[in-house]
Amino acid sequence: LSLSLSLSLSQCVGVPAKRITFPWSMRAYPPLSANSGDTLVFDFAGEETALYMFPDQAAFDACDFSNAAVVATAGPVSYQVGGASGAKLFFGSDAATCKSGMMKLEVTIS
């Protein structure tokens, strides 16, 4: 009974969610790792930009916004990470900025 109880309790204890805040501004961002349940805070208050989510890696790599979803047009904005471990999320600002390698972010869910 003790062993069974210990296993059940340990399975319920997860990694606490983090709040990851960064300025969403004209710069290059390295890939980021986040857990499902974490919150990404894109702080672009005062910036004339928007935040988009690309549907896949190919659109992200090509800076193809034709099927990108608008996440926000004013900041700061919070985005709660969700998905399976190993899945990826792709964010960008606009086509010209993206093609220059700036303001695009790849997030791997761990």
Side-chain angles (χ1 to χ4, degrees):
L1 181 65
S2 171
L3 180 58
S4 170
L5 181 59
S6 295
L7 287 173
S8 295
L9 286 174
S10 69
Q11 291 169 347
C12 293
V13 177
V15 177
K18 296 180 292 190
R19 186 173 176 86
I20 305 166
T21 303
F22 50 92
W24 189 237
S25 58
M26 187 62 80
R27 60 193 255 191
Y29 291 91
L32 176 71
S33 180
N35 295 314
S36 187
D38 286 352
T39 300
L40 305 177
V41 180
F42 295 83
D43 186 3
F44 56 101
E47 296 283 331
E48 291 186 24
T49 190
L51 178 65
Y52 294 86
M53 178 179 275
F54 294 99
D56 53 38
Q57 178 89 48
F60 175 77
D61 291 344
C63 296
D64 178 1
F65 284 79
S66 60
N67 291 311
V70 176
V71 176
T73 56
V77 65
S78 297
Y79 182 87
Q80 186 169 19
V81 175
S85 180
K88 293 187 177 190
L89 305 171
F90 305 98
F91 298 94
S93 175
D94 63 64
T97 305
C98 180
K99 288 178 181 176
S100 72
M102 306 294 211
M103 295 179 79
K104 56 189 287 186
L105 176 67
E106 176 181 325
V107 179
T108 301
I109 301 172
S110 50

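Everything numeric in this text was worked out from a predicted model, so none of it was measured.
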- Query: Partners of A87 by side-chain contact (heavy atoms from CB on, under 4.5 Å), sequence neighbours excluded?
  - Reply: I109
- Message: Show me the pairs that pass side chain to side chain donor-acceptor pair (under 3.5 Å) and involve residues 68-88, at least two apart or across chains.
- Response: K88-E106
- Should L89 and L105 be counted in the same cluster of Ile, Leu, Val, Met, Phe, Trp and Tyr side chains packed under 4.5 Å apart? yes
- Message: With a 4.5 Å cut-off on side-chain heavy-atom distances among I, L, V, M, F, W and Y, is there a chain of contacts connecting L40 to F44?
- Response: yes
- Kindly give the heavy-atom pair with the smallest separation between K18 and D38, and that separation in Å. N-OD1, 2.7 Å
- Message: Looking only at the aromatic ring of each residue, does the gap between the centers of F60 and F91 stay below 6.0 angstrom?
- Response: no
- Task: State, to 0.1 Å, how close S36 and G82 come at their nearest heavy-atom pair, and which atoms those are.
- Result: OG-CA, 3.5 Å
Using residues 20-31 as the side-chain source, report each donor-acceptor pair under 3.5 Å to any protein atom, sequence neighbours left out, with the distance given to one decimal.
from : atom 1 : to  : atom 2 : distance (Å)
Y29  : OH     : P23 : O      : 2.2
Y29  : OH     : S25 : N      : 2.9
Y29  : OH     : S25 : O      : 3.4

- Message: Run T39 and V81 through side-chain contact (heavy atoms from CB on, under 4.5 Å) and show every step you take.
- Response: CA-CA 6 Å; T39 300; V81 175; over 6 Å; no
- Task: Any side chain to side chain donor-acceptor pair (under 3.5 Å) involving residues 89-103? Give me the pairs, sequence neighbours left out, ordered by first then second residue.
- Result: T49-S93, D94-T97
- Message: Grouping I, L, V, M, F, W and Y whenever their side-chain heavy atoms are under 4.5 Å apart, do V70 and F65 come out in a common cluster?
- Response: yes
- Query: Is it the case that one hydrophobic cluster holds both M103 and V71, taking links as side-chain heavy atoms less than 4.5 Å apart, direct or via other members?
  - Reply: yes
- Message: Per the disulfide bond (SG atoms under 2.5 Å apart) rule, what does the pair list look like for residues 64-110, sequence neighbours excluded?
- Response: C63-C98
Between side-chain atoms of residues 51-58 and protein atoms elsewhere (two or more places apart, or another chain), which donor-acceptor pairs fall under 3.5 Å?
from : atom 1 : to  : atom 2 : distance (Å)
D56  : OD1    : A58 : N      : 3.3
D56  : OD1    : A59 : N      : 2.8
Q57  : NE2    : D61 : OD1    : 2.9
Q57  : NE2    : D61 : OD2    : 3.4

- Note on the structure: In terms of heavy-atom contacts, S33 and S110 come closest through OG-OG, 3.1 Å
- Sorted by first residue and then second, give each salt bridge (charged side-chain N to carboxylate O under 4.0 Å, His left out) pair with at least one member in residues 65-79; sequence neighbours left out. none
- Message: When you compare the side chain of L32 with that of T108, does any pair of heavy atoms fall below 4.5 Å?
- Response: no
